[in-house]
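Residue numbers count from 1 along this sequence.
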Amino acid sequence: MTIDNATSLRVLANYCAAAAESMGWTLMRTAHSTFVKETEDFSCQVLSPEGLTVASPRTFGATWYTGLDYSGVLGRFDYQEGDICVCSDPYSGFVATHAPDLHMWKPVFWKGELMCFVGNHIHNTDVGGAVPASLSRTLTEVHQEGIRIPPMRLMRDGKINQDLIDIISTNVRLPEQNWGDLNAQIACVAVGEAKVHDIIRRFGKEGFRAGLGQLLDYSEAQARRVISELPDGEYFFADYADEDQTGGYPVRMAVTLKIHGDSLTVDFTGSDPQLVSSLNMPTGGNERHALAMVGVMYALYCLDPTILLNSGLVRPVRAILPEGTVVNATSPAAVGMRSLMCNLAQTSVIGAFCRVVPDRMPASPGSGLSIMNVKTSTRSGRPVMASIGPVGGGAGGGPKADGVEGCGANMSFLKNTPVEINEAEVPISIHRYGLVKDSGGPGRYRGGLALEMQFQLFAPQSMVTARNRDRSNFSAWGLKGGQAGAVSRFIRNPGTDKAIELGSMDIVHCDPGDVILIQGPGAGGYGPPHERAVDDVLFDIRRGFVSAAHARERYGIALGPDGRLDEPATTALRAAMAAEAQPAEFGHGPYRVGYEKVWTRERYQALTAILAALPVTWRYFVKHRIFAAIGKTEPVTGDGAADIHAAYRRITAEFPDLPDLEPGRSSIAAE
């Protein structure tokens, strides 16, 4: 039996989405941790019998998991009614993507027959490990990142596995909070099971079973139609994170988008080797892994917002994820900060799509969103730890509108936590929480402004962690003449003689009275800034988004002594700007422009070829040695690739265990 018309199929899609949203509301309203109930770092799914996401909440929760695939763990168990299983190990089935994310799934039976699964995940604020909140780029092995739960039964016949609960409670810093969140997850899948039963009663057993497959097929057909309208070809883009470890070298994410008919390939060849820090992505090489597909899903949905959001959307897509690189790390590489690399993968994929259809895509989102956690104590000495919310940038300016301010954009649309909630849950004082003036990238349509937060701590031995700190150097890029957004900042005790610029540091030890200021990065602008409507610039000035000096310098808008528009001066300024304008395809900030004068695409191609031919354990070391050898010098001959090979030859003379590679002898294809 099949559902034989599109209207009925849409009705089923709405029922499944409503079931997922009911699960999400249950989870959010019963969770104990701020990070779940306020920030909404969780997901809920109705899953096909094979483990593919058929429906998830449309309006809340983390949006990265629309294509989540549980097939890597489902087949490990025989199921019966009352079972619930969990997993948080990123290397067991590649469903969980770091240890704090506890995934849970429950089989749904109808008259003794397995029909589907319902699932969810939450990000636990702490799961033990080397640092409070469990995550830092300073960690080098997955074993340091907290307790990892391989696929296990949490419940059998409706009875909880108390041994597993005891192991978890013993290894985390806030066992009561973890236990409360776990019960919220259990309630969530119970609601999901009940809602699926309601759907089966409406559509019938066979109609429901067939309908799940049809929903995946329908989304796939929509995606193929969108892809088939794009011009065939290969489109390359690269983006960078500030550092591969604390005080290290930049991380490069390279993407070649290959469009062929109604399918596409996302080739990450040319991305950096896996790192001796926690910035790696654990994808297992799965060509449709959720982390690798987020940018594609965002881009396709941007091109057609009527697409049904489920795993079928990525069926026409395959990713090439070279083993031993940041997009496919091998155990025991640390992966706790995989979200920063996933973020970078998204902006790289979006950049490649911008080369395909620049008139339909936005500039870069601010990216570099920092998840702020505080570990401190009350006056009585009781330890307290909580997330106080994300601090990031806005959305990129687009072909028809400004970017949204401070929304997090591609950071899964995590929500902010109200100041009142933060101060009630953590003994800190928040001095400022708002938007950063002049941070949005100038353009005909301005990039979204960044957020900033300033707060003070009062207890000794306090610690602030800022997960995913980035964009201190490499700014969000503009598009079609639009300019880059402002970079982020992280400062301890700003405006005092004890002020310290913290850059991309993500762990800060604080004394009583210390003040922390964090500013996110602004998003990129779209189109030449001198073409922005005068009234829009004046409105931005009035509401404090843009200063008068910034308006004059970047937009050619002059104000008189009385604060009113000086029309003759504005006309002259804008005419001069138009005459001098040389609109670029992408508007990169000065740091990236200078960096790529040294690290050309050809140099990176030579470096990537060498690293791909080495054992994984040597790649990061050799990368750092070659970067140190090249330094900040300009290419001397040609494109400078010969310098990379010369530097490698000097390394092999020092370390004879390394293979002797001649230019061109590599297992990796050219970008």
Residues that [X] engages under salt bridge (Lys or Arg N to Asp or Glu O under 4.0 Å), provided they are two or more places apart:
X: Arg379; result: none
X: Arg432; result: Glu452
X: Arg173; result: Asp126
X: Asp506; result: Arg137

Side-chain donor or acceptor of [X] paired with backbone N/O of [Y] under 3.5 Å:
X: His98; Y: Pro100; value: no
X: Ser278; Y: Ser136; value: yes
X: Ser88; Y: Ile149; value: yes
X: Thr39; Y: Asp41; value: no
X: Gln456; Y: Ser429; value: no
X: Arg619; Y: Gly324; value: yes

Checklist entry - Taking only residues two or more places apart in sequence, or in another chain, which ones meet Phe268 in a ring pair (Phe, Tyr, Trp, His ring centres under 6.0 Å)? => result none

Checklist outcome for this item: Across all chains, not counting sequence neighbours, the ring pair (Phe, Tyr, Trp, His ring centres under 6.0 Å) partners of Phe539 are none

pair [X]-[Y]: side-chain heavy atoms closer than 4.5 Å:
X: Glu425; Y: Val384; value: no
X: Phe42; Y: Tyr65; value: no
X: Val326; Y: Leu279; value: no
X: Met253; Y: Val327; value: yes
X: Thr34; Y: Val426; value: no

Checklist entry - Taking only residues at least two apart or on different chains, which pairs with a member in residues 331-346 satisfy salt bridge (Lys or Arg N to Asp or Glu O under 4.0 Å)? => result Asp101-Arg338

Checklist entry - Could you give all pairs that pass the salt bridge (Lys or Arg N to Asp or Glu O under 4.0 Å) test and reach residues 459-471, with sequence neighbours left out? => result Asp239-Arg471

How far does [atom1] of [X] sit from [atom2] of [Y], to the nearest 0.5 angstrom?
X: Ser367; Y: Gln346; atom1: OG; atom2: CD; answer: 7.0 Å
X: Met23; Y: Asn120; atom1: CE; atom2: CG; answer: 5.5 Å
X: Ile350; Y: Trp477; atom1: CD1; atom2: CH2; answer: 6.5 Å
X: Asn422; Y: Ile388; atom1: CG; atom2: CD1; answer: 5.5 Å
X: Arg489; Y: Leu502; atom1: CZ; atom2: CG; answer: 10.5 Å
X: Asp166; Y: Thr170; atom1: CG; atom2: OG1; answer: 6.0 Å

Next on the checklist: What verdict does the side-chain contact (heavy atoms from CB on, under 4.5 Å) test give for Leu174 and Val172, after you've listed the backbone C-alpha separation in whole Å, the side-chain angles of each residue and the deciding distance to 0.1 Å?
Outcome noted: CA-CA 6 Å; Leu174 299 170; Val172 301; 5.9 Å; no

Indicate the ring-plane relationship of [X] and [Y], choosing parallel, tilted or perpendicular according to the 30° and 60° boundaries.
X: Tyr595; Y: Tyr240; value: perpendicular
X: His624; Y: Tyr249; value: perpendicular
X: His103; Y: His121; value: parallel
X: Phe35; Y: His123; value: perpendicular

Checklist entry - Just one of Ile491, Val436, Leu451 clears the side-chain contact (heavy atoms from CB on, under 4.5 Å) bar with Gln519, so which one? => result Val436

Checklist entry - Hey, which of Ile122, Asn183, Leu27, Thr30 is the one that makes side-chain contact (heavy atoms from CB on, under 4.5 Å) with Cys188? => result Leu27

Checklist entry - Does Phe545 have Arg446 sitting over its ring (NZ/CZ under 6.0 Å from centre, angle to axis within 45°)? => result no

Checklist entry - Hey, is Lys623 close enough to Asp244 for a salt bridge, meaning N to O under 4.0 Å? => result yes

Check: [X]/[Y] side-chain N/O donor and acceptor closer than 3.5 Å:
X: Glu243; Y: Ser504; answer: no
X: Glu176; Y: His32; answer: no
X: Gln274; Y: Asn280; answer: no
X: Ser277; Y: Tyr620; answer: no

Do you know the tightest heavy-atom contact between [X] and [Y]?
X: Ala476; Y: Ala523; value: CB-CA, 4.1 Å
X: Pro390; Y: Asn416; value: CD-CA, 4.2 Å
X: Phe474; Y: Arg592; value: CD2-CB, 3.8 Å
X: Ala334; Y: Glu145; value: CB-OE2, 3.3 Å
X: Glu40; Y: Gly61; value: OE1-N, 3.1 Å
X: Gly392; Y: Pro521; value: C-CD, 4.2 Å

Item to check | Gln461, CD: over 12 other non-hydrogen atoms inside 6.0 angstrom | outcome: no

Go through the structure and list residues passing side chain to side chain contact (heavy atoms under 4.5 Å, CB included) with [X], not counting sequence neighbours.
X: Pro90; value: Val142, Arg148, Pro282, Val335
X: Ser169; value: Ile165, Pro175
X: Asn493; value: Thr496, Lys498, Asp514, Val515
X: Leu457; value: Val374, Ile428, Phe455, Ser462, Val464, Cys510, Ile516

Item to check | Leu154/Leu182 under side-chain contact (heavy atoms from CB on, under 4.5 Å): CA gap, chis, key distance, verdict | outcome: CA-CA 10 Å; Leu154 176 68; Leu182 184 67; 4.1 Å; yes

Item to check | Worked check of side-chain contact (heavy atoms from CB on, under 4.5 Å) between Trp64 and Ser339 | outcome: CA-CA 10 Å; Trp64 285 7; Ser339 48; 3.8 Å; yes

Item to check | Intermediate values then yes/no, side-chain contact (heavy atoms from CB on, under 4.5 Å), Val127 and Leu102 | outcome: CA-CA 10 Å; Val127 290; Leu102 181 67; over 6 Å; no

